[in-house]
Amino acid sequence: MRTLAPPRPTSPWQPPLTVMPQAPDHAARATFKALLNCYMREVSPGTRPPSDRNAPMQIDFELSGSFTRLRAEVNYWSLTGPHDFGALQLYDLAGQSWRQATIGEVIPLLVSDCFARMPEAADDKMLELLRRVLNSYDQISKTSRDAAGPKANFLSAEQGLHFGHWLHPTPKSREGMTDLHQQAYAPEFGAGFQLDYFAADNSIVKTGSADGRGLHEMLQSIPGLDLQIVNPNETLIPMHPLQADALRLRPQVKGLIKDGLLRDLGPAGDPFTATSSVRTVYAKHCPWMLKFSLPVQITNSQRINLSHELEAGVVMARLLKKLGPLPPKFQIINDPAYVTLSLPDQRETGFEVILRDNPFMDDDGEGIVNIAALTADPLPGQQSMLARIVMDLSRRQNALPSKTAKDWFAAYLDCALVPALALYDKVGIALEAHQQNSLLDVSTGLPSCYFFRDNQGYYIAESRLDALAKLEPSLRDIDALCFPEAEINQRFCYYLIVNQIFSVISRLGRDGFADESVLVAQLRQCLQDAASISTGPAASFIDFLLNTSELSAKANLLTRVHDVDELQAEDEKAVYVRLPNPIAQGVENVPT
């Protein structure tokens, strides 16, 4: 380990003003933790200064854009997930010494340094990124104030993601939503709201369903809705209130209403509640969840239902049914129907609505939780949801928490990893199984079933397209579903392993139940066991995981620095980076 010399300034520098002077402490820490973890993964891992072996671990970062250095104390170093940080220091050039620093002054320095290192990035995007970081901070501070930790049921878990994506620089940024919008429509506030409805002339409507049912029949099951308001030549289109307001402002929509091709029916029916994605809504007694486009930029993208996604949901629902039943421990929540308007010269009209199966009716999905909520950092003074589950199970089994945690992780891999690998191996379908798309049934304590959701998240191996197209010929019409196996290896690796499974390992380690390296070894053995019975695409994927020195990970900070909207980018590709692979034996990830 080398000693860092003080940086040599090339221009005068003054410490910036603190940008979060009244920051609630936990919101500021969560905001900083997300940003610095992204910075370490994607920009600079930092270096370790010489220190007393018994002293807290520290990492130094040379912030060339500001002609100074940052030193961060590390409270917890994670082998697989985000690190936790303590005290911060900046190098004082005038006094040639280190001084205490605040989160508020360090955040803009990190943002500035990203752009200083990447001259190809547009300078005007620096303030935009800083604004999104502060927008995210603002949402965390408001939605987590006096909040309780989520309970182990579907709706509570969907509403309990107070800190957002575990490795995103702006995890709760929602540009386009006012404070009033947040209170009315953000899942963290738990408010119910009526949907708005339009009646469109059938001549301009496009619908699709996996089993041939008409949309009118499907919408009859929306509670509290009177379909007598729809004329025989019309189709009812439900709409999120935010999107409805945006559509009403469009000249073309005003023209359709004037011409009698579209009627604005306003709010109707029983209330729905937002799930964790904000734009997908849930009602306890409705067999459908509804997924809308929103005029809001959430984290990396404005959330728009793209036309090929509508078709993909229907096609994949048909295909999966023809493939036969999935293992009892592994289920896919289908998006089997859609409705939109078909207008000249418009690929997407803003009226795109996806109907998603709702398997969690009546009992609020008791025991069903998304993995993002399960592994999220707890609110101040509370335990993580996973810690509460493990401790409760430990008491009921009269077993050591460490033993219970190991058993819990084995049960989790058995329903979340093993069947996902088998599905890819047998039929060539990989899933974008990140932690927010992944649900677990933990009603008994141990994971007993995994659920995947999201019609954006299918990757079909090109080598298996011919075989699958014999079952479902319309599969050939959706190019966005098919990928070379080498590309699937990269994406599947990130979503299934780095994003989902590593979050569970990191949480169990952070909560003190196990050393992360022990859980990684458990994961490695599970992969080796799966490799021994894999003969299709999963064989090369598992070999990649076990032997490559680096894994692919989405670079959410660089995606923001370069201002990439994933949904609008070619092939919907974000920026990716390479990380040390802890699954491969002998690979280290600690800076020197």
Mind checking whether [X] and [Y] have parallel, tilted or perpendicular rings, split at 30° and 60°?
X    : Y    : result
H165 : H168 : tilted
Y459 : Y495 : parallel
Y450 : F330 : parallel
F85  : F32  : perpendicular

Under a 4.0 Å N-O cut-off, is there an ion pair linking [X] with [Y]?
X    : Y    : answer
R388 : D392 : no
K470 : D466 : no
R510 : D84  : yes
E158 : R453 : yes

State the [atom1]-[atom2] distance between [X] and [Y], to the nearest 0.5 angstrom.
X    : Y    : atom1 : atom2 : value
H83  : S506 : NE2   : OG    : 9.0 Å
L496 : F541 : CG    : CZ    : 5.5 Å
I140 : H26  : CD1   : NE2   : 8.0 Å
L557 : R41  : CG    : CZ    : 12.5 Å
Q58  : Q89  : CD    : CD    : 6.0 Å
T275 : Q436 : OG1   : CD    : 8.0 Å

Is the shortest heavy-atom distance from the side chain of [X] to the side chain of [Y] under 4.5 Å?
X    : Y    : result
F502 : T375 : no
F513 : F409 : no
R507 : L374 : no
P336 : D357 : yes
T548 : N489 : no
N370 : Q435 : no
Y458 : L431 : yes
L519 : L523 : no

Non-hydrogen atoms of [X] and [Y] that approach each other most closely:
X    : Y    : value
E516 : L79  : OE1-N, 3.0 Å
L527 : I542 : O-CG2, 3.4 Å
F163 : P378 : CE1-O, 3.6 Å
D511 : S384 : OD2-OG, 2.6 Å
S443 : E366 : CB-O, 4.2 Å
V498 : S552 : CG2-O, 3.6 Å

- Strictly under 6.0 Å, is that where the ring centroids of F451 and F360 end up?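 Yes - the distance between ring centres of F451 and F360 falls below the 6.0 Å cut-off.
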- Query: Applying the side chain to side chain contact (heavy atoms under 4.5 Å, CB included) test to L161, which of S277, P187, S276 qualifies?
  - Reply: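 Result for side chain to side chain contact (heavy atoms under 4.5 Å, CB included) with L161: S276.
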Measure from the side-chain N and O atoms of [X] to the backbone N and O of [Y], and report whether any donor-acceptor pair falls under 3.5 Å.
X    : Y    : answer
R524 : I583 : yes
D60  : R71  : no
Q382 : G149 : yes

- Message: If you count heavy atoms of other groups shown closer than 6.0 angstrom to NZ of K322, is the number above 12?
- Response: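 Result for NZ/K322: enclosed.
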- Would you sort out whether L545 and L551 count as a side chain to side chain contact (heavy atoms under 4.5 Å, CB included), showing the intermediate values? CA-CA 8 Å; L545 293 175; L551 299 178; 4.2 Å; yes
- List in chain and number order the residues that pass ring-ring contact (aromatic ring centres under 6.0 Å, His included) with F115, two or more places apart in sequence or in another chain; answer none if no residue qualifies.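 Expected list: none.
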- Query: Which residues pass the ring-ring contact (aromatic ring centres under 6.0 Å, His included) test with F544, sequence neighbours left out?
  - Reply: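 F544 satisfies ring-ring contact (aromatic ring centres under 6.0 Å, His included) with no other residue.
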Scan side-chain atoms only and decide if [X] and [Y] contain a donor-acceptor pair under the 3.5 Å cut-off.
X    : Y    : answer
N455 : R356 : no
Q500 : Y412 : yes
Q525 : D529 : yes

- Could you walk me through whether L323 and K426 pass the side chain to side chain contact (heavy atoms under 4.5 Å, CB included) check? CA-CA 10 Å; L323 288 173; K426 292 178 181 177; over 6 Å; no
- Item | V106 vs L36, side chain to side chain contact (heavy atoms under 4.5 Å, CB included): CA-CA, chis, key distance, verdict | CA-CA 10 Å; V106 169; L36 185 55; over 6 Å; no
- Stepwise side chain to side chain contact (heavy atoms under 4.5 Å, CB included) check, N305 with R279: CA-CA 10 Å; N305 287 331; R279 64 187 180 126; 2.8 Å; yes
